[in-house]
Amino acid sequence: MNKLFWILVLIGLPISIIGSIFHWSAVLMFIVYCLTIIALAGIIGRATESLAIVLGPRIGGLLNATFGNAVELIISIFSLKAGLVSIVLASLTGSVLGNLLLVGGLSFFVGGLKYKRQSFNKLEAQHNAGLLIFSVIVAFVIPEVFTTTMNDQDTMILSVGISIILIVLYLAALLFKFVTHRGVYQTNDKQTEESHEEEKPEWGKIKAIVILGLSTIAVAYVSEHLVSTFDVIGETFGWSELFIGVIIVAIVGNAAEHASAVIMAYKNKMDVAVEIVVGSTLQVAMFVLPILVLLSLFFPTTMPLVFTWPELISMVTAVFLMIMLSNDGDSNWFDGLALLAAYIIMGLGFYFI
Amino acid sequence: MNKLFWILVLIGLPISIIGSIFHWSAVLMFIVYCLTIIALAGIIGRATESLAIVLGPRIGGLLNATFGNAVELIISIFSLKAGLVSIVLASLTGSVLGNLLLVGGLSFFVGGLKYKRQSFNKLEAQHNAGLLIFSVIVAFVIPEVFTTTMNDQDTMILSVGISIILIVLYLAALLFKFVTHRGVYQTNDKQTEESHEEEKPEWGKIKAIVILGLSTIAVAYVSEHLVSTFDVIGETFGWSELFIGVIIVAIVGNAAEHASAVIMAYKNKMDVAVEIVVGSTLQVAMFVLPILVLLSLFFPTTMPLVFTWPELISMVTAVFLMIMLSNDGDSNWFDGLALLAAYIIMGLGFYFI
Amino acid sequence: MNKLFWILVLIGLPISIIGSIFHWSAVLMFIVYCLTIIALAGIIGRATESLAIVLGPRIGGLLNATFGNAVELIISIFSLKAGLVSIVLASLTGSVLGNLLLVGGLSFFVGGLKYKRQSFNKLEAQHNAGLLIFSVIVAFVIPEVFTTTMNDQDTMILSVGISIILIVLYLAALLFKFVTHRGVYQTNDKQTEESHEEEKPEWGKIKAIVILGLSTIAVAYVSEHLVSTFDVIGETFGWSELFIGVIIVAIVGNAAEHASAVIMAYKNKMDVAVEIVVGSTLQVAMFVLPILVLLSLFFPTTMPLVFTWPELISMVTAVFLMIMLSNDGDSNWFDGLALLAAYIIMGLGFYFI
């Protein structure tokens with residue numbers, strides 16, 4: 001898979017550069033940009049992992065927590081710069097839905113086809129459930145309801161306040177998980193030991209940093225051009241901004257991550273799979289999104305923490321479904337199918353809206 | 001009780017036929033129709049049970065799953081034919097509320113008066129909770145929120161799509177329960193053994209099929225005439241269509257089933273009681289309702305999967321209450337009283353609306 | 001702490017009386033009234049506790065259940081009398097939010113700083129979760145959604161009906177807890193024994209009754225004058241009625257109670273702390289609020305059981321967050337921080353609205 005990523009990048013990156021200069025067909029370039037970003041995201045993921053192993057679990061965890069959604073952050077920044085606030089919110093919504101329902105669903109389903117019952121840390125699942133409720137049900141729902149009668153300035157002040165609180169709580173959650181309560185809520189089973197054995201870095205420290213740096217610059221370049229194709233793509237296929245953001249951008253930005261979650265589930269390492277699925281969701285909701293709200297203060301168009309109702313309700317119902325299916329620390333193919341079915345229902349909704 | 005059903009049918013059916021021909025008072029006939037349907041539903045339930053035992057657990061389970069709400073399906077088809085779309089949605093809402101709150105409440109309360117604590121399969125309850133969340137919170141809430149700005153055609157396409165997904169997932173849930181994971185999430189206790197001993201069919205195969213066929217035809221006949229009395233009844237008693245659908249039709253269509261759940265709870269067979277309560281709810285939400293949406297395509301008035309807000313919110317809150325009270329696999333009289341109190345609150349709401 | 005309360009009362013009460021007669025500055029008097037009420041509430045709490053020990057656990061429990069929120073009830077009655085219906089609903093919302101998020105959060109956080117993990121009765125927490133869902137999610141949400149198209153009279157009839165059901169279910173919950181299922185869902189651990197040893201009444205029966213009576217009269221006097229300062233305070237600080245009710249009045253009315261919950265958590269008596277937090281919330285939602293709705297029938301302005309949307313959504317999300325964090329019967333500093341963060345988010349919302 002690693003090789004595939006490199007081949008895709010070595011073909012895709014030159015085409016991206018040449019195509020963007022000579023203004024090739026937007027539809028063709030859209031596809032090239034998407035594939036190139038997926039491959040680059042895969043390489044960034046590998047580099048981050050290698051670096052995390054070299055630097056030890058604490059700084060490694062922090063690194064994963066900040067670089068894990070780097071691609072999404074970069075695409076979003078270029079969208080913000082282009083004033084496409086609604087696409088940013090839509091793509092972050094799509095990231096939450098894609099992680100919880102599509103990746104979560106595929107992981108449970110594929111893993112469940114091979115194993116009758118798969119189990120993961122119940123206490124960890126309950127801790128994560130609390131964070132999901134906090135971010136999506138409290139921090140996203142409250143501004144939605146309170147700002148209906150508010151003017152734009154108060155809406156933005158409230159959004160900034162809530163964003164700061166989200167970031168503080170996210171950092172506190174990392175402190176809780178990696179420092180004060182490290183291993184306290186862990187069940188010590190073989191699985192953890194095994195995964196420790198395997199942890200040999202793919203690349204050395206310097207090599208990883210160089211690859212990480214270059215890939216990030218490449219993602220930034222391609223993302224900027226990807227964003228500029230959105231309106232042509234929307235017109236050509238009859239897709240709304242909401243559909244492009246929620247479904248297309250979200251899948252492109254998360255594809256590499258998605259693949260590794262499903263592979264982990266297939267290897268019966270459900271703790272890792274669930275960690276990727278829910279961890280990545282929480283990172284988007286509690287870190288990437290509030291950072292973007294704060295960054296938007298320096299852009300011409302500010303971005304309040306106010307979703308459209310369909311976006312918000314989709315996230316809220318996805319959170320309830322995931323919590324109800326995962327709270328027992330046990331998964332099977334049917335749980336996966338239910339999550340996938342929910343994703344298709346929402347995808348249909350965003351298509352027809 | 002069996003005898004009572006036969007007596008009611010032998011008196012009610014002739015009166016129904018004569019009364020409908022000679023146009024007797026609508027209020028009188030409404031009462032006669034209701035009682036006759038309740039009795040016929042009881043007999044259909046017995047016939048289905050006998051047949052299920054004869055045909056073995058797998059086909060039996062399937063039979064129960066399709067014929068269990070046959071009466072409701074028939075009444076709804078005649079209502080659809082008469083263009084009473086809102087009464088169909090209301091009566092299915094009422095069926096969900098009636099099953100979860102009224103029957104669930106009565107079962108927990110009556111059982112709880114006799115036994116201090118009653119327990120049922122916790123894992124099964126959690127599996128069912130996931131399905132309740134999927135159908136009511138995801139599949140019903142999403143179209144409600146997404147279709148506010150949609151035209152009628154897109155609303156109907158989305159409704160059809162979601163209906164197909166609901167039916168597929170319902171069939172998958174049966175496959176999961178009766179084939180791939182049969183007994184996997186079961187706790188093997190005495191209760192299950194006992195109930196196996198008792199399973200002797202009341203009627204032979206042929207007899208059961210004949211009774212099932214004739215009763216179904218009779219229900220269809222009476223239902224068609226019952227539906228035609230609704231507007232007179234509404235005017236006479238000052239009841240809204242919503243109240244007739246949610247409270248009256250739902251109770252009539254489910255009365256026989258309701259009785260058996262409460263009897264099971266009184267006998268401390270809580271697993272069976274909960275199975276009837278939640279199983280029947282899921283059948284209505286994931287099978288009867290989507291089938292009706294699809295069938296409505298062949299009727300003059302199509303039925304989208306869009307409830308009124310009071311209907312939807314009632315179902316959503318009922319689901320949360322039931323999940324919270326049953327998720328521990330333990331019930332008592334107070335749990336029952338809380339469910340009944342919720343039913344009364346909603347009944348009051350639908351009366352005054 | 002007891003002494004502090006007496007000193008505050010002995011200074012605050014005379015100033016309150018003199019200041020209200022000579023019409024001293026509203027802002028100054030607002031502060032004096034608030035501090036005096038906090039101190040009087042502390043003394044009422046002590047007197048109720050003493051009396052509860054003398055009269056035995058059953059009548060004591062009942063006494064706590066009725067007098068526990070006496071101060072709030074009194075402030076609310078004077079607000080009702082002044083026609084400030086929206087401040088009453090806001091202060092009861094604030095009481096629910098303050099109990100669940102502020103006091104619950106502080107208890108978990110302060111306790112969690114000292115102890116790595118604190119545990120409390122899981123079954124009790126689940127029982128309470130059912131009651132929270134019943135009162136906030138069912139009994140408060142239903143009238144909100146159903147009354148949008150209802151006239152004022154029907155809205156009030158529905159409110160009265162739901163209020164009666166809430167009171168009946170609250171009394172049934174007391175019957176369940178103290179009579180029919182006393183100790184059934186208890187885990188017998190050392191904690192309970194310890195707390196029994198300590199239970200020596202601070203004051204004798206007669207003394208406690210006299211103190212209770214006099215303090216209640218004093219609270220009534222001060223509350224009446226506090227309510228009259230609200231409009232000046234609102235104008236001076238630019239606070240909305242909603243903010244005054246939800247944040248200020250709620251904190252003043254509950255401060256004494258709040259302190260004891262946090263102290264209990266610090267002493268690792270989490271069962272007692274959670275009982276104060278959730279018990280007090282349920283009392284406000286299922287007893288104080290419905291009583292006020294019924295009482296309002298005798299006042300010029302009736303009070304329906306209909307909150308503003310921000311109030312309702314805040315309570316609903318607070319209930320979900322608290323349930324998700326406490327359902328495992330385990331707390332830590334991070335759980336506390338998440339609750340506090342939710343309180344700050346809602347406080348910000350009510351400030352800017």
Side-chain angles (χ1 to χ4, degrees), chain B residues 97 100-101 105 108-109 112-119 122 125 137 144 238 240 242-243 246 307-353, chain C residues 122-151 153-177 179-185 286 305 316 319-320 323-324 327:
Chain B
L97 298 180
L100 289 181
L101 302 179
F108 286 2
F109 186 73
L113 289 183
K114 202 171 164 200
Y115 303 92
K116 203 147 212 160
R117 289 174 73 170
Q118 295 186 295
S119 60
K122 195 178 162 174
I137 316 281
E144 187 87 11
S240 65
L242 218 54
F243 184 76
V246 175
F307 294 90
T308 65
W309 275 106
E311 288 169 342
L312 185 67
I313 296 296
S314 300
M315 286 191 280
V316 167
T317 57
V319 162
F320 278 122
L321 186 62
M322 180 44 116
I323 286 178
M324 208 49 72
L325 293 178
S326 69
N327 232 4
D328 53 356
D330 179 287
S331 73
N332 50 57
W333 69 261
F334 184 77
D335 288 349
L337 197 65
L339 290 169
L340 289 172
Y343 188 73
I344 297 171
I345 287 178
M346 292 178 194
L348 277 176
F350 282 111
Y351 183 81
F352 283 109
I353 215 164
Chain C
K122 195 178 162 174
L123 292 169
E124 186 89 14
Q126 286 173 342
H127 175 70
N128 285 334
L131 285 171
L132 283 174
I133 294 275
F134 177 82
S135 51
V136 176
I137 317 280
V138 177
F140 293 176
V141 170
I142 292 297
E144 188 88 10
V145 177
F146 279 69
T147 59
T148 45
T149 57
M150 239 180 239
N151 64 41
Q153 204 197 325
D154 283 358
T155 300
M156 203 55 213
I157 298 176
L158 182 62
S159 300
V160 167
I162 295 177
S163 297
I164 293 170
I165 293 169
L166 275 166
I167 294 170
V168 169
L169 202 70
Y170 185 65
L171 297 178
L174 294 180
L175 182 73
F176 178 82
K177 196 172 170 186
V179 184
T180 74
H181 284 62
R182 185 172 177 77
V184 171
Y185 289 96
M286 301 183 72
L305 194 58
V316 167
V319 162
F320 278 122
I323 286 179
M324 208 49 73
N327 232 5

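Quick caveat: nothing in here was measured; it's all calculated off a predicted structure. Chain identifiers are assigned alphabetically (A, B, ...) following the order of the sequence lines, protein sequences preceding nucleic acid strands; residue numbering begins at 1 within each chain.
Between chain C and the options B:Ile344, B:Asn327, B:Leu325, B:Asp330, heavy-atom pairs under 4.5 Å are most frequent for B:Asp330. For the options C:His127, C:Gln126, C:Met150, heavy-atom pairs under 4.5 Å to chain B are most numerous at C:Met150. Contact tally against chain C (heavy-atom pairs below 4.5 Å) for B:Ile323, B:Asn332, B:Asp335: the top residue is B:Asn332. Listed options C:Thr155, C:Leu131, C:Thr149, C:Val138 were ranked by heavy-atom pairs under 4.5 angstrom with chain B; first place goes to C:Val138.
Nearest heavy-atom pair, B:Leu321 versus C:Gly130, reported as atom, atom and distance to 0.1 Å: CD1-O, 3.8 Å. Counting all heavy atoms, side chain and backbone alike, C:His181 lies closest to B:Lys116 at NE2-O, 2.8 Å. Taking each heavy atom of B:Leu337 and C:Ala172 in turn, the nearest pair found is CD2-CB, 3.5 Å. Contact between B:Pro310 and C:Phe146 at its shortest, heavy atoms only, is CB-CZ, 3.6 Å. The heavy-atom pair separating B:Phe352 from C:Asp154 by the smallest distance is O-OD2, 3.7 Å. The two residues C:Ile137 and B:Thr317 have their closest heavy-atom pair at O-CG2, 3.3 Å.
Residues B:Ile313 and C:Val141 form a side-chain contact, since some pair of their non-hydrogen atoms from C-beta on lies under 4.5 Å apart. For the pair B:Trp333 and C:Leu175, the minimum side-chain heavy-atom distance is below 4.5 Å. Residues B:Tyr351 and C:Ile157 form no side-chain contact, since every pair of their non-hydrogen atoms from C-beta on lies 4.5 Å or further apart. When side chains are defined from C-beta on, B:Phe334 counts as touching C:Leu169, because their heavy atoms get closer than 4.5 Å. Residues B:Leu348 and C:Ile165 have side chains in contact (heavy-atom distance under 4.5 Å, counting atoms from C-beta outward).
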